[in-house]
Amino acid sequence: MRQVLLTDRAETLEAPADVRRTNLSEQEPAAYDVHATEKKWLPVWTALDPFRADDDDPREKRYALTMFPYPSGDLHMGHAEVMALHDVIARYWWLRGYNVLNPIGWDSFGLPAENAAIKRDEHPATYTYANIETQAESFRRYAVSFDWSRRLHTSDPEYYRWTQWLFLRFRERGLAYRKFSPVNWCPNDQTVLANEQVVNGMCERCGAEVTKRELSQWYFKVTDYAQRLLDDMEGLHGTWPERVLAMQRNWIGRSEGAHVDFTLNLADGSSKPVTVYTTRPDTLYGATFMVVAADAKLAGEIVAPAQRAAYESYLAGVRKESDIERLSTDRPKTGVDLGITATNPVNGEQVPVWAADYVLADYGTGAIMAVPAHDQRDLDFARAFDLPVRRVIDTGEDNPEVTGIATTGNGTYVNSSSDGLSLDGLTDKAAGIAKITAALVESGEGEGAVNFRLRDWLLSRQRFWGCPIPIIHCPDCGEVAVPDDQLPVVLPDLRGADLKPKGTSPLAAAEDWVNVDCPSCGGPAKRDSDTMDTFVDSSWYFLRYCSPDYTDGPFDPEKVRSWMPAHQYVGGVEHAILHLLYSRFFTKVLHDMGMVDFEEPFQALLNQGQVVNGGKAMSKSLGNGVNLGEMIDAYGVDAVRLTMVFAGPPEDDLDWADVSPSGSLKFLQRAWRLSGDVTSQSGVSFADGDVTLRRVTHKTVHDAESLIDGHRFNVLVARVMELVNATRKAIDSGCGPADPAVREATEAVAIMLSLVAPYVAEEMWERLGHQPTVAKTGWPVVDPALLVEESVTAIVQVQGKLKARLDVAPDIAAADLEALAMAEPAVLAALDGKTIRKVIVVAPKLVNIVIG
RNA sequence: GCGCUCGUAGCCCAAUGGCAGAGGCACCAGGUUUAGGUCCUGGCCAGUGAGAGUUCGAAUCUCUCCGAGCGCACCA
C-alpha cells in the first residue's frame with residue numbers, strides 16, 4: 001500500500017463539508033478556508049524565515065529542544081502531539097523577546113531504518129534520506145517554529161566524524177574499552193544489544209527473544225559515573241518528571257552493604273579466598289551456605305572433581321536458557337553442589353558451596369553468602385535442596401524454617417556471637433550492620449561496600465547502517481586509534497552489496513575498506529568492522545546544534561557556553577532511561593574534559609503522554625490507528641495542533657476517541673470571525689476602550705504567562721476561549737465592534753492563538769491590519785491597573801458554612817470586612833446569641849466565624 | 001513484590017488550603033435557516049474512589065484501604 005504522506009494530500013482531498021458550505025455565503029465569508037490559509041502563509045513564512053537563532057543577539061538566550069525524530073516513514077500522531085506542545089513553549093519565548101534556539105535534526109543512523117530498507121531492497125541511505133525529506137516537509141507544513149539553518153543528520157560524515165572523535169577521546173580517558181564477555185544477542189537482528197535495549201528478555205526493537213553470546217565488544221564505562229549520575233539528579237527535582245528520576249535511580253540501583261572475605265576449602269586440600277557482597281552483613285552468623293553464579297568463571301575453578309560432571313551438565317542447561325525463562329517469576333530454584341566448603345570468617349564455620357543461576361555473575365562479586373532465614377531467595381533455595389536454616393534475628397514472626405517466609409525486618413539479634421564479637425541483644429538493623437562491619441574491617445576480613453546495578457554500556461553493533469568505530473586492529477600493535485586527521489572513517493557505500501545481517505558486520509566483507517595499513521607500524525591491518533549503537537550519535541546532538549557547521553571540534557565551546565544547558569527538553573518517556581542517561585553521561589565526561597562548563601545537559605524535561613485511541617495504543621493489529629495526514633486534510637494543521645494542546649495536561653495520555661478536532665476547528669472559526677468584526681483602526685489607543693472587556697483581556701494575558709510557564713497549555717486554551725466568548729458578547733450586545741477594547745482583545749487572541757494555531761493567528765493578524773508575522777510581534781503588555789477588580793465577592797461563613805456574599809473593594813481592610821460580615825442578617829441569625837470563639841478574616845476573600 | 005503517578009458531572013478536564021465548575025465534548029430547548037449543518041441564546045449534570053486525621057476551613061496536606069496507568073523486578 002502506498003504510504004500516505006502529510007504533504008501530498010492537501011490538494012487531493014476537499015475541505016470538510018462544514019468548512020466548504022459556510023464559504024458560499026455572500027460578501028463577507030463566515031468562515032476562513034483552512035487549506036487556502038495554509039497555502040497562503042507557508043511560503044510567506046519560508047521567505048521571512050522568522051525563527052532563525054542568532055548567536056550574537058544580545059537578548060537573553062533560551063534553548064528549546066525537542067527529541068529529534070527517527071526517520072521512519074512520515075510523521076504520525078505522536079510527532080504531532082510532541083511538536084504542538086513543544087512549539088507552544090518555543091513560540092512563547094519568541095513572543096516574550098528571548099533569543100530562541102529551536103533546532104531540528106534527524107537521528108538518521110539505526111537499525112529500524114536499515115531493516116526497512118533491506119526489506120524494500122533499497123539502500124539504507126536512500127531510504128533514510130527520502131524519509132527525512134518527507135518529514136521535513138511535513139514539519140514545515142505543521143508550522144513548527146524551527147531554525148532550519150541548523151538542521152543536522154547523524155548519518156552525515158560531517159556529523160559522525162565528531163562522534164568518532166569523541167569515541168577516541170573517551171578511549172584515551174579509559175572510558176571506552178574492549179572486553180570479551182557474554183553479551184545480549186538478538187538472533188533476529190543479528191546483533192548484540194545493550195542491557196538497556198533488552199526489555200523483558202526481548203529485543204526492544206523487534207521483540208525477538210534475546211540470547212547470550214560470548215563476544216569481544218566495545219563498552220563505555222558508564223559505571224565510573226554511576227554515583228555522579230545519581231547525585232546530580234538532586235538538582236533536577238521539580239523540573240524533571242518524578243517518574244523519570246525514579247526510573248533512572250532504579251536503573252542505577254545503588255545499594256550499600258559490605259564485602260566479606262570467606263575462605264574456600266578446595267577438594268585438593270588447598271584454600272582460596274573469595275569475597276561476597278551483601279547488603280546484610282549483620283546476618284553473617286545466619287549464613288548456612290554459599291552460592292556462586294553458575295556461569296561465573298570461579299565456579300568452574302573451584303568445583304570438586306567428583307561434582308564436575310554434574311556442574312558441567314547444569315551449566316550447559318543454564319547457558320541454553322533464554323532471559324525469558326530466567327526472568328520468569330515463581331520459577332523453582334535450581335543449582336548444583338560444588339562439593340566443597342567455605343569458612344565463615346566470624347565463627348570459622350564450614351558451610352557448603354553451591355552453584356546456581358539465581359546468583360548473577362556480573363553483579364557484586366558473583367558469589368553470595370546465603371542467609372535463608374532472612375532472605376526469601378536463599379530460603380527458597382535452602383528448602384529446595386534441604387539446606388539448614390538458622391534464624392539470627394528474632395522479629396517476633398514465625399520461624400522462617402517452618403513458614404517458608406523469610407523475615408527481613410528489625411528484631412533482636414540471636415545466635416550471633418563468637419570470640420570477641422557479639423550482636424546478640426541488639427535490636428536495630430543499622431546498629432547491627434555498623435557493628436559487624438567495623439569488626440570485619442578491624443580483622444581485615446571485610447569492609448563496607450557500595451554496588452550499582454548499572455552495567456557498562458555495550459556500544460558495538462554488528463550492523464551496517466551506523467557510525468564506524470575508528471579503530472584499526474593490527475597483528476603487531478594491537479588496537480590502534482585512527483589518527484584524528486584521518487577522520488571521519490567514512491562508511492563505505494556498499495551499494496548493491498548484500499547488507500543483510502549475518503552475525504558479523506557487513507563491513508567486514510568490504511575488503512577494500514577493511515584492509516588498511518596500520519597507522520602505527522604501517523603493516524597490514526584491519527579496521528574494526530562493527531558500528532556504534534545509535535544512542536552514541538544521539539548523546540551529543542544537542543551540543544552540535546549550537547554550532548552545526550563548526551569544523552575544529554564537535555562543537556564550538558563558546559557557542560555551547562552561551563546556549564547550553566537546554567532550558568527545556570520535550571520528548572517521550574520512552575527515553576527516560578536510555579537516551580537521557582547516556583546524554584547525561586556524555587555531558588559529564590565532556591565536563592571532565594574541560595569542554596563544557598555544566599554537568600547536566602537539560603534543565604527541565606517535559607514528557608508528553610502517548611496518543612492512544614479508544615484507550616489503547618494505536619496499532620495495526622487492533623486497527624485503531626489514526627492517520628495524521630488524514631486528520632490534517634480534514635481539519636487543518638491548526639485544528640489538529642489545537643486539539644493536541646487542549647485535550648488535557650501535556651503529560652497525560654491523549655485519547656483520540658475523547659477529543660473533538662471538529663470542535664477545535666469551530667472554535668478557531670469563532671476566533672477568526674472576531675477579526676472581521678473589528679471596525680476600529682489599527683493603532684487606535686486602547687486606553688479609551690471598554691474597561692470591562694479590557695479587564696478580561698489583561699487578566700487573560702497575565703494568567704497565560706504563568707499557565708505557559710507551568711506547562712498548563714490546556715488551561716491556557718480554555719482561557720483564550722473565554723476571552724473569545726467575552727469579545728463576542730462585547731461586539732453583539734456590549735460596547736460594540738468599534739470600541740478599541742474589542743480590537744485590543746482580538747489582537748490578544750491572535751497573539752495567544754499563534755502559540756497553537758499559527759495559520760489562523762496570522763490570518764487574523766492580517767485582517768486586523770498588521771504585517772506578518774504575528775509570531776514575532778511581541779507579547780501583549782499587561783497593565784497592572786486593569787488586573788485589579790472594581791469589586792470582589794467576599795464570602796462569609798459561620799463554622800465553615802456559607803452564610804452570605806458581600807461585594808467589597810479589593811483593598812478593603814480586614815477590620816472593615818469583619819464589621820460588614822458581622823452586620824449580615826444571615827450571619828446574625830446563625831450566631832443567635834452563641835459565643836464567638838474566633839473570627840478568621842482573609843481580606844478581601846472571606847470571613848469565617850467560629851462559634852463555641 | 002518494590003517504586004512513581006493518578007482517581008472531580010455521561011466523557012475530556014479546571015479549581016495551586018477559602019463559594020466544587022473555568023473551558024470543551026455529548027445531550028436537550030429556543031432563535032436564525034426552505035431544510036440539514038453552521039451561527040446565536042439558554043438549559044441539563046457531580047459533592048471530588050472509601051474511611052480516618054490535621055485545620056476556623058480539605059478535591060487540595062497526612063495516614064489506611066480500594067481501583068487504574070506506567071516503570072522495575074532472583075541485583076544478595
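Chain identifiers are assigned alphabetically (A, B, ...) following the order of the sequence lines, protein sequences preceding nucleic acid strands; residue numbering begins at 1 within each chain.
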Measure the distance from [atom1] on [X] to [atom2] on [N] and round it to the nearest whole Å.
{"X": "A/Met247", "N": "B/rC70", "atom1": "CE", "atom2": "C1'", "answer": "8 Å"}
{"X": "A/Asp380", "N": "B/rG1", "atom1": "CG", "atom2": "P", "answer": "15 Å"}
{"X": "A/Ile731", "N": "B/rU41", "atom1": "CD1", "atom2": "P", "answer": "12 Å"}
{"X": "A/Phe452", "N": "B/rA76", "atom1": "CZ", "atom2": "P", "answer": "12 Å"}
{"X": "A/Arg249", "N": "B/rU5", "atom1": "CZ", "atom2": "P", "answer": "10 Å"}
{"X": "A/Leu665", "N": "B/rG37", "atom1": "CG", "atom2": "C1'", "answer": "13 Å"}
{"X": "A/Lys801", "N": "B/rC19", "atom1": "NZ", "atom2": "P", "answer": "15 Å"}
{"X": "A/Leu654", "N": "B/rC13", "atom1": "CG", "atom2": "P", "answer": "9 Å"}

Do the side chains of [Y] and [X] get nearer than 4.5 Å, heavy atoms only?
{"X": "A/Val392", "Y": "A/His374", "value": "yes"}
{"X": "A/Ile708", "Y": "A/Phe713", "value": "yes"}
{"X": "A/Phe667", "Y": "A/Val760", "value": "no"}
{"X": "A/Arg254", "Y": "A/Arg249", "value": "no"}

Look through every strand shown and name the nucleotide pairing with [N] as Watson-Crick or G-U wobble, where both distances are under 3.5 Å.
{"N": "B/rA22", "answer": "none"}
{"N": "B/rU62", "answer": "B/rA52"}
{"N": "B/rA73", "answer": "none"}
{"N": "B/rU34", "answer": "none"}
{"N": "B/rA68", "answer": "B/rU5"}
{"N": "B/rG17", "answer": "none"}
{"N": "B/rG57", "answer": "none"}

Of the nucleotides [options], which one has an atom closest to the side chain of [X]?
{"X": "A/Trp251", "options": "B/rA14, B/rA76, B/rA73", "answer": "B/rA73"}
{"X": "A/Arg673", "options": "B/rG42, B/rC39, B/rC19", "answer": "B/rC39"}
{"X": "A/Pro649", "options": "B/rA76, B/rA14, B/rC74", "answer": "B/rA14"}
{"X": "A/Val359", "options": "B/rA76, B/rC72, B/rU41", "answer": "B/rA76"}
{"X": "A/Glu242", "options": "B/rA73, B/rC13, B/rU5", "answer": "B/rU5"}
{"X": "A/Leu360", "options": "B/rG71, B/rG18, B/rA76", "answer": "B/rA76"}
{"X": "A/Asn250", "options": "B/rA76, B/rG71, B/rG18", "answer": "B/rG71"}

(message) Do the side chains of A/Asp677 and A/Arg673 get close enough for a salt bridge, i.e. N-O under 4.0 angstrom?
(response) no

(message) I'd like to know if A/Arg280 and A/Asp375 make a salt bridge, using a cut-off of under 4.0 Å between side-chain N and carboxylate O.
(response) no

Please give the distance between the [atom1] atoms of [N] and [M] as a whole number of Å.
{"N": "B/rA20", "M": "B/rA59", "atom1": "P", "result": "8 Å"}
{"N": "B/rA9", "M": "B/rG47", "atom1": "P", "result": "9 Å"}
{"N": "B/rC44", "M": "B/rG30", "atom1": "C1'", "result": "15 Å"}
{"N": "B/rA14", "M": "B/rG23", "atom1": "P", "result": "14 Å"}
{"N": "B/rC61", "M": "B/rC19", "atom1": "P", "result": "16 Å"}
{"N": "B/rC13", "M": "B/rG36", "atom1": "C1'", "result": "31 Å"}
{"N": "B/rA58", "M": "B/rA52", "atom1": "C1'", "result": "13 Å"}
{"N": "B/rU60", "M": "B/rU8", "atom1": "C1'", "result": "11 Å"}

Using a heavy-atom cut-off of 4.0 Å across all strands, would you classify [X] as base, sugar-phosphate, or nothing?
{"X": "A/Thr793", "result": "base"}
{"X": "A/Pro241", "result": "nothing"}
{"X": "A/Arg455", "result": "base"}

(request) Could you check A/Gly648 against A/Tyr363 and say which one's nearest nucleotide on RNA chain B is further toward the 5' end? (result) A/Gly648

(request) Could you check A/Gly253 against A/Asp653 and say which one's nearest nucleotide on RNA chain B is further toward the 5' end? (result) A/Asp653

(request) Would you confirm whether A/Asp378, through its side chain, and A/Val371, through its main-chain N or O, come within 3.5 Å as a donor-acceptor pair? (result) yes

(message) Please check: side-chain N/O of A/Arg455 versus main-chain N/O of A/Asp362, any donor-acceptor pairing under 3.5 Å?
(response) yes

Just by distance, no angles: are the side chains of [X] and [Y] close enough, under 3.5 Å, to form a donor-acceptor pair?
{"X": "A/Asp456", "Y": "A/Thr223", "value": "yes"}
{"X": "A/Tyr635", "Y": "A/Thr643", "value": "no"}
{"X": "A/Tyr32", "Y": "A/Ser675", "value": "no"}

(message) Please classify the glycosidic conformation of B/rG36 as syn (within 90° of 0) or anti (everything else).
(response) anti

(message) For the residue pair A/Lys333 and A/Phe381, would you count it as a cation-pi contact if the rule is NZ or CZ under 6.0 angstrom from the ring centre and within 45 degrees of the ring axis?
(response) no

(message) Counting the benzene-type ring for Trp, do A/Phe289 and A/Trp354 have ring centres under 6.0 Å apart?
(response) no

(message) Quiz question: going by heavy-atom distance under 3.5 Å, is there a donor-acceptor pair between the base of B/rC70 and the side chain of A/Arg243?
(response) no

(request) Assess whether one donor atom and one acceptor atom, taken from the side chain of A/Lys333 and the base of B/rC74, lie less than 3.5 Å apart. (result) yes

What protein N or O atoms touch nucleotides 54-59 of chain B N or O atoms at under 3.5 angstrom, if any, and at what distances?
{"unit_1": "B/rC56", "atom_1": "OP1", "unit_2": "A/Lys838", "atom_2": "NZ", "d": "3.2"}
{"unit_1": "B/rC56", "atom_1": "O2'", "unit_2": "A/Asn848", "atom_2": "ND2", "d": "3.3"}
{"unit_1": "B/rC56", "atom_1": "O2", "unit_2": "A/Asn848", "atom_2": "ND2", "d": "2.4"}

(message) Walk along nucleotides 22-31 of chain B from 5' to 3' and tag each nucleotide B, S or - by protein heavy-atom contact under 4.0 Å, base first, then sugar-phosphate.
(response) BBSS------

